[in-house]
2 protein chains.
Amino acid sequence: MRVFCDNRQLLHAPQRELHNGDWAPHAESPDRLASILDQCPAEPAQDFGIAPILAVHDPAYVEFLRDAFTQWHTAGRSGDALGYAFPIVGRRRLALDRIEARLGHYAFDASTPIAAGTWQSAYWSAQSALSALQAMEQGVRHSFALCRPPGHHAGRDYMGGYCYLNNAAIAARRATDLGLGPVAILDVDYHHGNGTQDIFAGDPAVFFASLHADPVTDYPFFWGHADERGEGDGEGATLNLPLPQGTKWSGYSTALDHALGAISQWGAKFLVVSLGADTFIGDPISHFDLVTEDYRKLSAQIATLGLPALIVMEGGYAVDDLGRNVLEFLAGFD
Amino acid sequence: MRVFCDNRQLLHAPQRELHNGDWAPHAESPDRLASILDQCPAEPAQDFGIAPILAVHDPAYVEFLRDAFTQWHTAGRSGDALGYAFPIVGRRRLALDRIEARLGHYAFDASTPIAAGTWQSAYWSAQSALSALQAMEQGVRHSFALCRPPGHHAGRDYMGGYCYLNNAAIAARRATDLGLGPVAILDVDYHHGNGTQDIFAGDPAVFFASLHADPVTDYPFFWGHADERGEGDGEGATLNLPLPQGTKWSGYSTALDHALGAISQWGAKFLVVSLGADTFIGDPISHFDLVTEDYRKLSAQIATLGLPALIVMEGGYAVDDLGRNVLEFLAGFD
């Protein structure tokens, strides 16, 4: 399988995040990439420019991402840029000058800092997804975008959950624009892909299905409940399958069957998989019980759809096992 | 002037807040009360029960405030309860179990922890406001509720900005219910009183006028812009006068004249003043340039309205000068 990753994706290295009332080391570390690259060497990304990013994201938000770290230091702050005040449900969008205000405006948590290399890494992470898509245009059935930072928590105009640009959404939108659709996105990260869901909630051209920890107990809390089924023209093109903590392969596999059936019935011709390996039993911030061997079963089950599949890396924080788990997953497509 | 304060308002003592990317000592300290009580001794509050609080606040939110600290420790956390993920603009309200989810659901910042004594202090702070109101029912023209924690950033169902229960709103609602209105609330804290504004935004029976630092540069950022004038039936009953950092008495006084003219023209019969002494030149977290002598001019100018006035304490963090500044303010009503 062709694998794409750019060295600049290593530049993003925030020091810490706010979690459960105190600082914690930033779990989404550059080491994650090394763990995976050890198992499957990658080709560098090509540069497709900003246009496919702006096909998904708000221009003012993208400008914010690019400038925030500089503005933070111009304002006399040190370290990584991090918001502390967040507009409550229902507040309107505003044009705000102060960097703290802009951070709160464009974020939904205090766990997603903007560090010196964040913009570059996010940009090249998106380009890796686009490069993997191009490989498929050129004829391969499956390709793997080793994206990092991940993307599925980032919405059209907001960041959160370690995510800045929504790599899966950017690739899915471009695949649709290239006429490769109808496109379905299957999100198998432990956490709900709220950003992806929001981006396509009203869009009947992209189906979004997600298996994830029940948001009643798990981040991102405010999205991913079973009754979220899309909006307006996109009503019915969103499928959320929240699962309890402690879910093992058997329960997971049953829910996956449900999701695959829906994707098939919907008539998808192209699949984007948001792959999180934080469903692993040893993941330090997650609570499912998949074991390494399950990742090959997972992808083999997905492969029964018989669709061309672009695999986009999302979460997974058990760094020592991450590469092996991802390799198992990729092997299931062979 | 009669002054009300309850000893239990000292119990609330969070250790720290997230601010500009790092922990800062919690500026809204119990010492603030001591600084004011040194200058003007207080009578204890009477207990008016939960009903007048529930006349303003959502019952589920009040229950959350009461239980959050216990739930935080039951969940295995230590220290003060503090959220880290906050629902972005436009998300619906949800029934969530996990304490972190509930903290984010009911807060708009990571600067407003819930500590061991928070509920008791917030409850008695509200009772002090109600006690000061009762003194006015019994005949005094002016009274001072030495509230702490403050209240004006707290909305019907959210906390933020060191505020949990909106003392001024609770008193204003009760004054209206007692037939003392029409009631106007004049907010002269450095920061915009977003909670008070939201509570009465659609209510034509309560006028809200606020002088504050421009939210383009200052907390709470997302509220207090000049074009926020109330909603629905309350359209026109909200007046926001944002002022630039560095504002001195002359500029402040001109804006105050504007607010007082509007309150007078609206036909107010009863005034609630949200008093912040963080407009003081020496305030450590604010940027106006009022000096101690200006506080007597400020209240004397307010007194020209000739209205009965219930003064409710909000912010003010220059602890060494706080008591003196408040005393000057109270003296202007004599």
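Letters go in sequence order (proteins before strands), and every chain restarts at 1. Model, not experiment: these values are computed from the prediction. Reckoned from all heavy atoms, side chains included, excluding hydrogens, waters and symmetry mates.
In this structure, chain A has no heavy atom under 4.5 Å from any part of N194(B). For P215(B), the part sitting under 4.5 Å from any heavy atom of chain A is the backbone (N, CA, C, O) and nothing else.
Put simply, the side chain of F222(A) reaches to within 4.5 Å of the side chain of H105(B), judged on heavy atoms.
The aromatic rings of W23(A) and W23(B) are tilted relative to each other, their planes meeting at an angle between 30° and 60°.
Between chain B and the options D214(A), D218(A), D22(A), the largest number of non-hydrogen pairs under 4.5 Å is found for D22(A).
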